[in-house]
2 protein chains.
Amino acid sequence: MAPAQLRPPTMADVARRAGVSHQTVSRVLGDHPNVRDETRARVLRAIEEMGYRRNSSARALVTRRTRTLGVVASDTTLYGPASTLFALEEAARAEGYLVSTVSLRRLTVDTLSEALDHLGGGGVEGVVAIAPQRSAVEALAELRHRFPVVTVGSGPGVGIPGVNVDQQLGARLATGHLLAAGHRTVWHLAGPEDWQEAADRAAGWRATLEAAGVEPPMTLRGDWSPLSGYRAGQELAGWVGRGLTAVFVANDQMALGVLRALREAGVRTPQDVAVAGFDDIPESEFFAPPLTTVRQDFSAVGKRSIALLLDMIEGREPAGVPRIAIEPQLVVRASTFPYASGQGAAPT
Amino acid sequence: MAPAQLRPPTMADVARRAGVSHQTVSRVLGDHPNVRDETRARVLRAIEEMGYRRNSSARALVTRRTRTLGVVASDTTLYGPASTLFALEEAARAEGYLVSTVSLRRLTVDTLSEALDHLGGGGVEGVVAIAPQRSAVEALAELRHRFPVVTVGSGPGVGIPGVNVDQQLGARLATGHLLAAGHRTVWHLAGPEDWQEAADRAAGWRATLEAAGVEPPMTLRGDWSPLSGYRAGQELAGWVGRGLTAVFVANDQMALGVLRALREAGVRTPQDVAVAGFDDIPESEFFAPPLTTVRQDFSAVGKRSIALLLDMIEGREPAGVPRIAIEPQLVVRASTFPYASGQGAAPT
DNA sequence: GAGGTCATTGTGAGCGCTAACAATTCATGC
DNA sequence: GCATGAATTGTTAGCGCTCACAATGACCTC
């Protein structure tokens with residue numbers, strides 16, 4: 001048995017074994033048309049026998065294509081960002097790209113800039129930034145980089161190409177659903193001020209009420225966490241019997257806290273107060289009661305983002321700044337309508 | 001103003017501008033000691049002025065180091081894998097490495113093999129596989145690859161280097177806590193059979209009971225989802241009054257389903273039945289009632305995994321197959337002890 | 001002032017690949 | 001039989017960088 005090779009075989013090694021030039025090997029690997037079948041077979045056999053793999057660095061050096069994309073994200077343990085990340089990677093892989101991720105604890109000019117540097121230093125051809133906070137988008141707009149950047153979740157009307165779920169539409173669906181169920185008005189527990197998605201959801205809620213000729217009640221604000229929802233829920237409980245019969249909560253986790261606070265205050269859901277959330281996290285179907293919420297198509301967001309980014313990389317960037325919107329979907333469960341899905345919406 | 005460069009500047013461009021050889025530029029960038037301060041400053045200025053960045057592909061080609069690690073994972077929207085992923089990326093970045101992720105919908109020999117190929121084709125120097133399923137680990141053991149692989153979550157006693165939270169210990173903590181609270185026995189809702197973590201948690205539960213001289217009751221099994229927990233909870237409700245007073249559920253999501261099923265059956269938690277979970281997902285503090293559970297230190301898992309992988313890459317692989325264990329921690333809340341968190345205890 | 005040492009800088013080769021072009025082979029038509 | 005062109009294969013030149021080594025010059029030492 002031959003001694004184990006210290007270095008992995010190169011194209012030249014394969015060529016020697018197959019009795020051809022290294023360029024012919026390159027042609028076989030590159031699916032070039034003008035290679036005789038017999039030659040191709042011989043080369044493929046040599047490749048197989050030697051366990052040859054092309055050296056990606058050498059390839060990247062000469063082609064100037066690393067076939068790697070970057071993603072910058074934060075809060076990646078939350079359902080939304082994690083789902084987006086998953087969808088992005090899957091879409092990129094389908095296009096033959098590798099995805100390098102940087103997960104930040106906080107999105108600031110500094111951390112973002114460092115992340116882009118880190119990714120750029122690794123040779124990514126483009127970056128998707130999951131940047132749901134306005135400050136992050138502003139930071140992004142300031143930063144210089146040598147590769148195209150696409151944002152996700154930064155909302156419409158920003159000077160950077162991006163893909164978004166139509167948050168306003170989602171909020172209109174939820175709020176409209178509550179109004180249609182007979183509620184005179186709908187309260188709102190909003191997300192953090194700096195988040196574009198929070199602003200859009202609040203705007204959609206407000207617009208729906210105003211279109212129905214209803215004066216929007218005061219807005220409460222949380223930080224997406226169940227705890228902040230719980231606190232807001234305690235406050236909301238104080239308004240029961242004084243016009244509060246329905247609440248649209250800006251995400252499911254806060255809705256969980258609201259539900260608990262209401263329950264502890266002796267307020268029944270949905271009989272006394274109806275509650276709707278946003279996100280459709282897997283748990284929300286099992287809240288007490290199961291939560292009406294808005295589902296987002298993350299897979300579509302991933303595919304569209306990657307397609308847009310690749311367009312920009314290939315220089316196919318269309319005129320103007322592309323802003324793509326994806327439609328969300330209302331999921332009705334027992335928290336807004338006692339008969340929505342039988343006994344607790346539980347499959348039997 | 002000069003016309004925008006088509007190609008980014010190279011080391012030679014910088015050298016020309018600074019009036020030195022390209023090698024001196026390389027030395028400055030490589031922090032070589034023997035460069036005159038004045039020269040270094042001149043080079044750095046030229047780099048700054050031209051916005052020069054080293055070409056990572058060229059560097060990788062000659063150094064044979066891509067400074068990229070790969071991660072293979074599945075179920076990345078779940079709290080555990082997402083947290084692990086986050087910790088891995090953060091640890092790798094601290095070491096100057098880029099992390100390329102492949103997120104699989106299902107871990108099989110084929111998908112795993114494809115994922116390793118994809119990562120290998122991108123030139124990763126090593127891979128961390130988040131492979132909590134036994135079948136995945138077996139597949140991994142079969143596969144040939146040209147880079148070191150470290151597993152996370154595949155449990156102890158596997159012939160592949162890996163890092164794990166001590167699941168048995170976590171289960172002993174939870175089960176022991178319930179026994180100490182006065183319960184005569186503890187039931188168990190286990191995770192999917194194929195998951196090593198599920199097996200370890202079940203083993204820890206069983207061992208604790210046997211050590212206390214208690215015959216373990218029959219084991220129920222779910223698939224980690226709240227729905228499966230709900231179904232198991234309905235079955236468990238039938239055993240209340242016949243010796244069932246405490247349940248150790250293998251993860252928090254299933255525990256959520258159990259809580260709901262018990263509540264719907266008129267069984268109070270924790271007065272009638274105490275429930276403990278595993279994972280400490282952020283929501284579990286806001287379940288009804290707040291859930292006693294076991295917290296894992298994902299950050300430690302990430303750091304240790306990356307350190308181990310880098311050791312192997314550097315050829316510092318120690319004798320034997322390293323299996324590193326991380327200690328989990330019990331978090332006691334109202335679901336096992338009515339006075340644990342005061343006003344969060346039970347709906348009034 | 002010859003020889004030696006050290007710090008500093010430059011030169012040349014080559015990592016493994018693809019692209020451009022050159023060379024060879026082969027079939028075809030007259 | 002030979003020109004013609006298409007199909008097939010080989011040759012050469014980098015891509016931008018790091019490494020090994022050579023060259024230069026400053027500074028000592030005796």
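Not measured: the values here are computed from a predicted model. So you know, we letter chains A, B, ... as the sequences are listed, proteins then strands, and number each from 1.
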Using a strict cut-off of less than 4.0 Å between a Lys/Arg side-chain nitrogen and an Asp/Glu carboxylate oxygen, indicate whether A:Glu90 and B:Arg105 qualify as a salt bridge.
-> yes
CD of B:Glu38: more than 12 outside heavy atoms within 6.0 angstrom?
-> yes
Of the nucleotides D:dG10, C:dG10, C:dG12, which one has an atom closest to the side chain of B:His22?
-> C:dG12
Among C:dT8, D:dA7, D:dG16, which is the nearest nucleotide to the side chain of A:Asn34?
-> D:dA7
Candidates C:dG10, D:dC17, C:dC17 - which lies nearest the side chain of B:Met11 | D:dC17
Expressed in angstrom and rounded to an integer, what is the separation of A:Gln23 atom CD from D:dT12 atom C1'?
-> 11 Å
Between B:Arg42 (CZ) and C:dT8 (P), how many Å, whole number?
-> 14 Å
State which of C:dG16, D:dC17, C:dT18 makes the closest approach to the side chain of B:Val62.
-> D:dC17
Rounded to whole Å, the OH-P distance (B:Tyr52 to D:dG16) equals 10 Å
What do you reckon, is CZ of A:Arg106 surrounded by more than 12 foreign heavy atoms closer than 6.0 Å?
-> no
Would you classify A:Thr24 as touching base, sugar-phosphate or nothing, given that sugar-phosphate means primed atoms plus P, OP1 and OP2, and contacts are heavy atoms under 4.0 Å?
-> sugar-phosphate
Think A:Arg64 has a side-chain N or O under 4.0 angstrom from the OP1 or OP2 of C:dT18?
-> no
Gap between atoms CZ and C1', on B:Arg53 and D:dC17 respectively (whole Å) | 15 Å
Is the number of heavy atoms from other residues, nucleotides or ligands under 6.0 Å of B:Gln23 CD greater than 12?
-> yes
Reckon B:Arg27 touches a base, only the sugar-phosphate, or nothing at all at heavy-atom distances under 4.0 Å?
-> base
Check every strand shown and say whether B:Thr39 touches a base, only sugar-phosphate, or nothing at a heavy-atom separation below 4.0 Å.
-> sugar-phosphate
From the options C:dG16, D:dC17, C:dT8, select the nucleotide whose nearest atom is closest to the side chain of B:Leu61.
-> C:dG16
